[in-house]
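To start, the structure itself, in structure tokens.
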Amino acid sequence: MKDMRGKTAFITGGASGLGFAMAEAFGREGMNVMIADIEAEAARAKVEELRARQIRAEWVQVDVTSRDSVRKGAIETIAKFGKVHLVANNAGIGAGGPLGSVPEGDWDWVIDVNLKGVVYGVEVFAPLMESHGEGGHFVNTASMAGLISPAGMEPYCASKFAVVAMSEGWRQQLSPKNIGVSVLCPGLVSTHIYAGRRNRQNAVYGEGDKEFGQADLERQREWMAGGIDPLVVGGRVVEAVKDNDLYILSHVEYERVVRERFDQIMAAFEKSKQSPALSALPTDRRLDVVNIDV
């Protein structure tokens with residue numbers, strides 16, 4: 001998608017943080033922008049900001065944990081703009097804690113938002129992109145936590161590793177249809193993801209941790225404030241979409257940590273080559289997985 005002018009972007013979690021940064025970045029490229037967010041008032045306010053900058057924008061309330069809600073958002077976007085060319089599956093929340101302390105409801109919540117929300121976004125919009133024949137692109141927001149796994153962040157990391165894996169597979173499936181797929185893996189960005197529990201549906205997921213109070217919010221707010229400006233990430237996303245990159249990275253300082261993880265994997269391959277248990281296997285076995293070029 002080299003020329004974005006006049007095309008339409010649908011962005012979940014678009015009323016704040018990385019989502020709004022992408023809305024601004026795509027809008028500056030001449031795209032129509034549909035902000036999809038569970039917080040209707042915030043979405044309405046952000047659309048007014050975009051319009052003040054001469055960006056054509058609309059908003060729709062979408063709960064990404066509901067396929068029907070995502071589908072209704074797609075229908076409304078097509079009603080407003082005619083076609084959708086780019087979908088940023090960006091809505092996400094954080095959850096974690098020591099082993100055994102994470103409530104079951106938090107596991108369900110993070111999987112429903114971070115994982116299933118991306119599934120619904122791709123499955124709803126891919127046929128619509130294919131039908132208009134003008135090509136398209138998906139940007140799925142994962143995290144650096146989709147490439148490495150810090151202790152205590154297992155629910156979040158599990159969902160983000162899944163987004164990376166799904167994006168790699170979907171890219172292979174959608175490329176012949178002129179639809180690109182990128183996965184965004186940022187490190188710390190100055191957003192309000194720490195306050196995501198304000199939108200947790202306790203009627204669905206239970207009350208969760210009642211001790212999750214203001215002191216913890218203040219600590220996380222200070223930590224997140226040390227992140228990079230989301231507008232910088234939004235600009236990087238535009239560059240990557242134009243180049244049809246699979247992986248979008250914004251925090252190059254993590255290169256060593258990611259390399260160390262893959263070095264351990266490669267070392268495990270080398271060790272297995274010397275395994276007495278595996279030595280009985282035929283040496284001419286064909287590759288079990290085909291078409292794995294990403």
Side-chain angles (χ1 to χ4, degrees), residues 1-64 66 69-93 113 117-118 120-121 124-125 128-129 132 134-141 180 182 184 186 189-193 195-196 198-199 224 227-242 248 250:
M1 191 182 292
K2 295 290 186 183
D3 186 1
M4 297 181 175
R5 289 173 297 177
K7 295 180 179 178
T8 298
F10 177 95
I11 304 169
T12 68
S16 63
L18 280 177
F20 187 63
M22 283 190 270
E24 288 191 81
F26 290 131
R28 287 197 299 266
E29 293 293 319
M31 296 192 81
N32 310 314
V33 174
M34 177 62 86
I35 287 183
D37 204 285
I38 196 169
E39 296 187 284
E41 290 304 316
R44 183 184 290 110
K46 290 300 184 180
V47 161
E48 293 305 319
E49 288 186 32
L50 293 178
R51 289 173 176 171
R53 297 168 196 167
Q54 309 305 309
I55 294 171
R56 188 181 178 198
E58 300 285 349
W59 68 273
V60 61
Q61 187 174 30
V62 169
D63 175 3
V64 298
S66 163
S69 183
V70 174
R71 188 179 291 115
K72 289 175 183 177
I75 291 170
E76 188 159 342
T77 304
I78 290 171
K80 294 286 187 180
F81 295 119
K83 302 171 185 175
V84 178
H85 301 84
L86 185 145
V87 173
N89 290 305
N90 170 76
I93 50 89
V113 176
V118 176
Y120 299 155
V124 167
F125 281 96
L128 299 175
M129 287 185 190
H132 62 57
E134 297 176 6
H137 205 98
F138 287 98
V139 177
N140 299 326
T141 299
S182 299
L184 173 60
V189 181
S190 183
T191 71
H192 295 122
I193 192 173
R198 69 190 185 276
N199 293 318
M224 295 299 296
I228 68 174
D229 188 338
L231 291 175
V232 175
V233 183
R236 178 69 193 101
V237 170
V238 168
E239 294 173 344
V241 170
K242 288 183 176 181
I248 309 177
S250 55

Self-check item: Atom pair CD1/CG of I11 and N90 - distance to nearest 0.5 Å
Solution: 8.0 Å
Quiz prompt | side chain to side chain contact (heavy atoms under 4.5 Å, CB included) evaluation trace for M31 with I55 | solution = CA-CA 8 Å; M31 296 192 81; I55 294 171; over 6 Å; no
Practice problem: Search all heavy atoms of G73 against all heavy atoms of V60 and return the closest pair with its distance. | Solution: CA-CG2, 4.1 Å
Quiz item: Minimum heavy-atom separation for V139 to M22, with atom names?
Solution: CG1-SD, 4.3 Å
Quiz item: Can a salt bridge be assigned to the pair E76 and K72 using a cut-off of 4.0 Å between side-chain N and carboxylate O?
Solution: no
Quiz item: Does a side-chain heavy-atom distance below 4.5 Å link D229 with V232?
Solution: yes
Practice problem: Please assess M129 against F138 for the test side chain to side chain contact (heavy atoms under 4.5 Å, CB included), listing each intermediate value before the final yes or no. | Solution: CA-CA 10 Å; M129 287 185 190; F138 287 98; 3.8 Å; yes
Quiz item: At their closest point, which heavy atom of F26 faces which heavy atom of A9, and how far apart are they?
Solution: CD1-CB, 4.3 Å
Practice problem: Go through the steps to decide whether N89 and T141 satisfy the test side chain to side chain contact (heavy atoms under 4.5 Å, CB included), and finish with yes or no. | Solution: CA-CA 6 Å; N89 290 305; T141 299; over 6 Å; no
Quiz prompt | Atom pair CG (L50) and CD (E58), whose distance is rounded to the nearest 0.5 Å | solution = 11.0 Å
Practice problem: Return the minimal non-hydrogen interatomic distance between V124 and A74, and the atom names on each side. | Solution: CG1-CB, 3.8 Å
Self-check item: Any donor-acceptor pair under 3.5 Å from T12 side chain to A91 backbone
Solution: yes
Quiz item: Going by an N to O cut-off under 4.0 Å, is there a salt bridge joining E29 and K242?
Solution: yes
Quiz item: Counting only heavy atoms not in R5, do more than 12 fall under 6.0 Å of its CZ?
Solution: no
Quiz prompt | Whether R51 side chain and R56 backbone form a donor-acceptor pair below 3.5 Å | solution = no
Quiz item: How many angstroms lie between atom OG of S69 and atom OH of Y120, to the nearest 0.5 angstrom?
Solution: 11.0 Å
Quiz item: Taking the side chain as C-beta and beyond, is there a heavy-atom pair between P186 and L184 under 4.5 Å?
Solution: yes
Self-check item: Pairing residues for F125 by the ring pair (Phe, Tyr, Trp, His ring centres under 6.0 Å) criterion, not counting sequence neighbours
Solution: F10
Exercise. Under the salt bridge (Lys or Arg N to Asp or Glu O under 4.0 Å) rule, what do R44 and E39 come out as? Steps first, then yes or no, please.
Key: CA-CA 9 Å; R44 183 184 290 110; E39 296 187 284; over 6 Å; no
Quiz prompt | Nearest heavy-atom neighbours spanning G234 and A25 | solution = O-CB, 3.5 Å
Practice problem: Going by the side chain to side chain contact (heavy atoms under 4.5 Å, CB included) test, name the single residue among L231, I35, V33 that passes it with F20. | Solution: I35
Practice problem: Name all residues meeting the side chain to side chain donor-acceptor pair (under 3.5 Å) criterion together with R236; count only those two or more places apart in sequence or in a different chain, and write none if there are none. | Solution: E239
Got a list of side-chain donor-acceptor pairs under 3.5 Å for residues 79-86, not counting sequence neighbours?
{"unit_1": "K83", "atom_1": "NZ", "unit_2": "E134", "atom_2": "OE2", "d": "2.3"}
{"unit_1": "H85", "atom_1": "ND1", "unit_2": "T8", "atom_2": "N", "d": "3.2"}
{"unit_1": "H85", "atom_1": "NE2", "unit_2": "E134", "atom_2": "OE1", "d": "2.8"}

Exercise. Determine whether M4 and V241 make a side-chain contact, defined as any pair of heavy atoms from C-beta on separated by less than 4.5 Å.
Key: yes
Exercise. Check step by step if side chain to side chain contact (heavy atoms under 4.5 Å, CB included) holds for D37 and V62.
Key: CA-CA 5 Å; D37 204 285; V62 169; over 6 Å; no
Self-check item: N140 vs S182 side-chain heavy atoms within contact, under 4.5 Å
Solution: no
Quiz prompt | Spacing of K7 atom NZ and H132 atom NE2 [to the nearest 0.5 Å] | solution = 8.5 Å
Exercise. Might you point out which heavy atoms bring V47 and W59 nearest each other, and give the distance in Å?
Key: CG2-CB, 3.5 Å
